[in-house]
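Here the structure comes first, spelled out in structure tokens, and everything after it is commentary.
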Amino acid sequence: MSARSVGLALKSVTTAPVVSAFVVVFIALVSFAGAAAPALLHSARTATVHAALHDLPPATRDLSGATRGVPRPGTGSSEAAGTLDQAERSSWGYALDVLTETRDAFPSPLRDVLGDPQVVVVSDPVTSVGPPGSALNRITLTFDPGSDERVRIVEGSAPAPRDDEVIEVSLARDAATALGWKVGETRSIAFTADATAELELAGVYEAVDASDPHWTHVPTGLGPAEVVGPLGDITLYATAYGAPDALDAALALPDWFTTQTWLPLAIERVDGASADQLARQMRAASGVQVPLVVVLDQRFPGGLTLSSTVTPPASDQAGRRADAMASIVAFVAVGPFAVAIVVLALAVRLVATRRVRTVRLAEARGASDRLLGGVLGVEGLFLGALGAGLGVAAAALLVGFEGAASLMLPLVIAVTPVLVLPWITLALARRHARRDLGMAPRGGAVRRGAVEGVIVLAAALLTVIAATGTAGVDPALLALPLALSAAACVLALRCVPLVLSAVEARAPRARGLVPLVGPARGRRDPSVRASPVLAVVLGVAVVLFSVAFGATMTAGVSTAAGLRAGADVRVESPYLSARQLDELGAIAGVSHVAALTDGTRIDLDAGDDSVRATVYIADARDFRAVQAASGEGDIPTPDALVAGGDSIPAVVSPALAAALGGAPATLAGHGVDVVAIAPAAARPGSADTWLLVDVSAADRLGAVPTSPGILLMATAPDADPAAVAAAARDTAGPTARVTTPESNAAAISSDPALRTVYLALGAAAVGVALLLALAIGMTLVLGAPGRARLMALLAALGYPRRRDVPLVLWEVGPALVIALPFGVAVGYALTYLALPQLGTATFLGGAFEPAVQTGGWMPLAVVAGFAAFSALAVLIAAAAASRLTASAAVRSMDAEG
């Protein structure tokens with residue numbers, strides 16, 4: 001391509017600046033959407049992972065570990081050790097160095113998302129002996145190198161090292177008040193008769209930031225905890241902080257102290273794209289020995305491992321939800337993107353019609369097809385590159401840039417004018433037959449039939465593949481919306497002449513010229529009319545699929561929320577005393593309650609193997625009554641569950657039943673009698689592999705705690721579950737977690753991945769509607785030359801020139817009306833073929849696949865709304881098209897020839 005040819009191409013661009021600018025703007029908008037989508041999906045994936053990790057308590061989320069003993073003293077050189085003063089550094093520097101080196105040895109991204117190492121030394125809980133009448137208590141003597149920065153002394157002074165054997169400590173204000181411990185008062189503690197210490201309360205503190213995740217690792221540091229014993233006696237548990245640089249006091253009694261360490265997970269550094277890799281690395285980290293030497297029994301070396309049992313599963317589940325989100329968004333976006341390309345081709349055709357006269361003159365003067373195609377290709381390249389470049393730049397500036405993923409769709413859009421403009425312009429330049437009367441060369445009809453046949457066969461093949469496929473998204477499933485819509489478009493366009501012929505047969509009996517001439521206008525060039533028809537089919541299909549997805553997820557969320565709660569109100573707490581259980585059961589509006597243990601991990605002996613499971617203990621009759629009264633939960637509780645004998649009757653989860661494989665199992669020397677297998681979606685707690693045992697068999701379980709930690713509450717028909725939940729929250733205390741089916745549903749629906757899917761479905765419907773309006777407008781503009789010829793003839797017969805709107809409506813109206821039922825068929829086909837395979841179960845915890853719902857009367861309403869929008873777009877476009885001046889129409893006619 002010579003410089004002269006390039007100059008001619010660029011000059012050609014300026015000969016129709018309005019149309020060229022329209023093409024550039026359209027390409028820029030579509031490119032912006034294509035470039036921004038990967039960045040938005042990446043942000044949604046990261047937000048999904050962050051939300052899942054934020055829901056975890058920091059104490060279990062962080063990589064943490066503990067070992068008996070006190071860290072060996074030693075000055076460190078790490079950045080974490082450098083933040084301490086010299087006295088504290090000599091006590092804690094070595095431990096912080098070891099933890100820093102351990103963190104830095106982890107691979108990326110794990111290393112990158114872990115914060116500065118944390119270490120505290122805590123004693124075993126021990127009774128402090130105070131004045132007569134003092135509350136029963138257990139004090140945990142704690143040394144923390146960062147405690148002076150996390151607390152504010154509000155009475156007395158900060159603890160300091162002493163030369164004598166007295167240890168100065170500080171207590172939280174609430175703890176000091178509850179214990180009746182005055183500043184300056186000394187109390188003694190005794191681990192054994194030979195291991196004693198004197199504690200003097202030097203000061204009372206308040207937390208600088210009570211929401212600091214650090215406090216979850218030292219739960220009684222903010223205030224005392226009450227533990228109610230079997231006889232109703234209350235014991236206060238509290239943390240007493242020693243001076244950070246007084247670690248020698250712990251070194252004197254190392255056997256009674258534990259070193260707790262953790263590497264905080266900095267959630268804001270976690271990237272959604274590496275969540276799966278992060279989970280694998282955290283699992284692998286649990287097997288890494290931390291070479292921390294501790295003083296134990298006077299210089300016995302020790303070590304520890306760091307682990308988190310909840311973060312990897314939570315990250316995996318969030319990753320699966322994000323994968324499902326990306327699959328559904330891709331599935332929905334394929335169709336609108338294809339429509340955008342078809343509409344772009346229609347816009348390029350507007351440019352091509354303005355190049356036909358120039359091309360014919362050039363051909364008459366000997367210009368070759370290669371030269372003309374090259375000039376037109378350069379013009380298309382300029383339009384495409386300019387528009388795509390603007391779109392990508394705007395997306396990178398406003399949303400983000402994801403490298404090759406952000407360039408893929410804009411490149412396809414940019415190339416489209418390069419290929420379409422030369423092809424259409426040269427084809428129009430050589431066209432001599434009339435197309436506006438529905439006539440076409442025989443060869444063109446054969447080619448069109450062959451193409452349509454291939455489209456229909458491909459759609460049928462993809463439908464069969466999708467119908468026989470398994471759960472999961474593959475290329476065939478992603479191509480299904482476009483294939484079915486294209487096939488439906490072909491069939492709709494084939495039906496248009498048949499319908500119009502039937503209308504024409506009745507035209508002689510009708511009054512006026514419009515019934516006679518209108519159908520002829522409706523049969524004009526079908527290739528031009530294909531764009532709005534495809535937009536209607538795909539738009540209706542997307543809207544119906546969106547309604548079905550929303551209805552399916554609404555029903556699924558409701559079911560999952562009820563199964564998670566297991567009752568109208570669910571209370572979970574580390575411990576629920578008999579007094580609390582009585583008070584919770586006495587709340588106004590509560591009809592039935594059932595207490596369960598919070599789940600204990602046990603090992604079942606199954607032949608030569610051992611199966612790990614979680615055992616829940618409940619009163620089967622109470623449990624059954626709560627499920628029946630609340631209508632929530634689906635765990636069977638047959639009468640055999642309370643049968644006597646030496647065996648342990650149990651209801652088991654499908655996962656446990658599969659793990660046992662029918663082999664006889666024993667627990668604590670007693671045979672386990674499986675009396676029922678629960679549905680996969682039903683579970684009393686969070687464990688997948690579990691068994692439920694009646695309280696009557698609790699004495700046969702061995703050393704399994706039987707203290708309740710879960711209370712299921714059924715409310716009376718006239719009670720408000722939200723009010724009961726609020727009362728239960730007040731009764732159970734701040735450490736309790738109270739949920740209802742409604743609160744669970746809100747939590748599931750707030751998942752960023754699910755919200756992104758809803759936004760994508762809405763954006764796809766709106767995008768196709770806008771593309772439909774553009775396609776209708778451009779179709780009518782392209783029909784202006786033929787319309788001008790017809791109006792000139794009708795004017796000679798006395799038909800008013802300004803009454804051309806009815807004729808304009810005939811050009812696209814019948815095709816769009818015929819396309820509506822095809823769009824409905826495609827929408828329902830996509831709903832039943834694709835929705836079960838798109839991973840909707842992952843949004844509900846993966847326990848069950850929700851049954852497909854079509855939405856009742858909603859499909860009729862949305863189809864009517866889309867039809868109304870289409871009619872409005874046709875009317876507006878028709879009114880605008882009718883205002884084209886005769887001279888403009890004639891110039892367009894001359895350009896087409």
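If you're wondering where the values come from, they're calculated on a predicted model, not measured in any experiment.
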Next on the checklist: Checking side-chain hydrogen bond (donor to acceptor under 3.5 Å, both in side chains) between Arg283 and each of Thr309, Thr311, Asp316, which is the one that passes?
Outcome noted: Asp316
Checklist entry - Does anything in residues 71-110 pair up under ring-ring contact (aromatic ring centres under 6.0 Å, His included), and if so which pairs, sequence neighbours excluded? => result none
Checklist entry - Are Asp112 and Arg269 close enough that some pair of their side-chain heavy atoms sits under 4.5 Å apart? => result no
Checklist entry - If every non-hydrogen atom of Ala682 is compared with every non-hydrogen atom of Trp690, which pair is closest and at what distance? => result O-CZ2, 3.4 Å
Next on the checklist: Measuring from atom CZ of Arg570 to atom CZ of Arg564, what distance do you get when rounded to the nearest 0.5 angstrom?
Outcome noted: 11.0 Å
Checklist outcome for this item: When every non-hydrogen atom of Met553 is compared with those of Leu754, the smallest separation belongs to CE-CD1, 4.0 Å
Item to check | Side-chain touch Thr216/Pro57, heavy atoms, less than 4.5 angstrom | outcome: no
Next on the checklist: Using every non-hydrogen atom in the two residues, find where Phe331 and Ala834 come nearest and quote the distance to one decimal.
Outcome noted: CZ-CB, 3.4 Å
Item to check | Backbone N/O of Ala753 and side chain of Thr48: donor-acceptor pair under 3.5 Å | outcome: yes
Checklist entry - Is there side-chain contact between Val294 and Arg68, with heavy atoms separated by less than 4.5 Å? => result no
Checklist entry - Going from CG on Asp603 to CG on Leu667, what distance comes out if it is rounded to the nearest 0.5 angstrom? => result 9.0 Å
Item to check | Gap between atom CG of Asp97 and atom OG1 of Thr102 - 0.5 Å precision | outcome: 10.5 Å
Checklist entry - Hey, are the side chains of Asp255 and Phe191 touching, using non-hydrogen atoms and a 4.5 Å cut-off? => result no
Next on the checklist: Val126 vs Trp256, test: side chain to side chain contact (heavy atoms under 4.5 Å, CB included). Steps then yes/no.
Outcome noted: CA-CA 10 Å; Val126 60; Trp256 305 102; over 6 Å; no
Checklist entry - Going by heavy atoms in the side chains, are Val49 and Thr46 under 4.5 Å from each other? => result no
Item to check | Side chain proximity check, Val392 to Ser406, heavy atoms < 4.5 angstrom | outcome: no
Checklist outcome for this item: Looking only at heavy atoms, the pair that brings Ala210 and Leu222 closest together is O-CD1, 3.8 Å
Checklist entry - Under a 4.5 Å cut-off applied to non-hydrogen side-chain atoms, are Arg683 and Ser653 in contact? => result no
Next on the checklist: Whether the side chain of Gln281 engages the backbone of Leu110 through a donor-acceptor N/O pair (distance < 3.5 Å, no angle test) should be reported.
Outcome noted: yes
Next on the checklist: Run the side chain to side chain contact (heavy atoms under 4.5 Å, CB included) test on Leu844 and Ile748 for me, step by step, so that the C-alpha distance in whole Å, both residues' side-chain angles and the decisive distance to 0.1 Å come before the verdict.
Outcome noted: CA-CA 7 Å; Leu844 309 175; Ile748 296 173; 4.3 Å; yes
Item to check | Contact summary for Asn744 and Ala565, nearest pair of heavy atoms | outcome: ND2-N, 3.4 Å
Checklist entry - Is there a donor-acceptor pair closer than 3.5 Å between any side-chain N or O of Ser749 and the backbone N or O of Ala745? => result yes
Item to check | All pairs passing salt bridge (charged side-chain N to carboxylate O under 4.0 Å, His left out) where residues 747-761 contributes a residue, at least two apart | outcome: Arg321-Asp751
Item to check | Exceeds 12 heavy-atom contacts within 6.0 angstrom, atom CZ of Arg737 | outcome: no
Next on the checklist: Tell me whether Thr100 contacts the main-chain N or O of Leu96 through its side chain, where contact means a donor paired with an acceptor under 3.5 Å.
Outcome noted: yes
Item to check | Distance, nearest 0.5 Å, that separates OG of Ser147 from CD of Glu88 | outcome: 7.5 Å
Next on the checklist: Tell me every residue that passes ring pair (Phe, Tyr, Trp, His ring centres under 6.0 Å) with His42, counting only those two or more places apart in sequence or in another chain.
Outcome noted: none
Next on the checklist: Run the side chain to side chain contact (heavy atoms under 4.5 Å, CB included) test on Leu41 and Met325 for me, step by step, so that the C-alpha distance in whole Å, both residues' side-chain angles and the decisive distance to 0.1 Å come before the verdict.
Outcome noted: CA-CA 8 Å; Leu41 287 177; Met325 169 197 70; 4.1 Å; yes
Checklist entry - For Asp245 and Ser91, does a side-chain donor sit closer than 3.5 Å to a side-chain acceptor? => result no
Item to check | Short side-chain to backbone donor-acceptor contact, Arg150 and Ala207, under 3.5 Å | outcome: no
Checklist entry - Closest heavy-atom contact between Leu691 and Ala613? => result CD2-CB, 4.1 Å
Next on the checklist: Does this structure show an ion pair linking Arg61 with Asp55, if we count only N-O contacts that are shorter than 4.0 Å?
Outcome noted: no
Checklist entry - Parallel, tilted or perpendicular: which describes the rings of Tyr205 and Trp215, with under 30° parallel and over 60° perpendicular? => result parallel
Checklist outcome for this item: dist Thr261:OG1 -> Leu304:CG (nearest 0.5 Å) comes out at 4.5 Å
Checklist entry - Could Asp271 and Arg45 be called an ion pair, given the rule that one side-chain N must be under 4.0 Å from one carboxylate O? => result no
Checklist entry - His214 vs Trp262 aromatic rings, parallel, tilted or perpendicular, using cut-offs 30° and 60°? => result tilted
Next on the checklist: Between Asp116 and Arg103, is the side chain to side chain contact (heavy atoms under 4.5 Å, CB included) condition met? List the steps.
Outcome noted: CA-CA 9 Å; Asp116 293 334; Arg103 179 198 63 187; 3.6 Å; yes
Checklist entry - Name the one of Val332, Leu835, Leu838 that satisfies side-chain contact (heavy atoms from CB on, under 4.5 Å) with Phe549? => result Leu835
Checklist entry - Donor-acceptor pair, Ser307 side chain versus Ser286 backbone, under 3.5 Å? => result no
Item to check | Reported CG-to-CG distance for the pair Leu265 and Leu278, which is rounded to 0.5 angstrom | outcome: 6.5 Å
Checklist entry - Taking Asp144 for the side chain and Val120 for the main chain, is one N or O donor matched with an acceptor at less than 3.5 Å? => result no
Item to check | Polar side-chain atom of Gln317 near backbone of Gly845 as donor-acceptor pair, under 3.5 Å | outcome: no
Item to check | Any side-chain heavy-atom pair of Pro708 and Thr597 under 4.5 Å | outcome: no
Checklist entry - Do Thr259 side-chain atoms and Gly69 backbone N/O form a donor-acceptor pair below 3.5 Å? => result yes
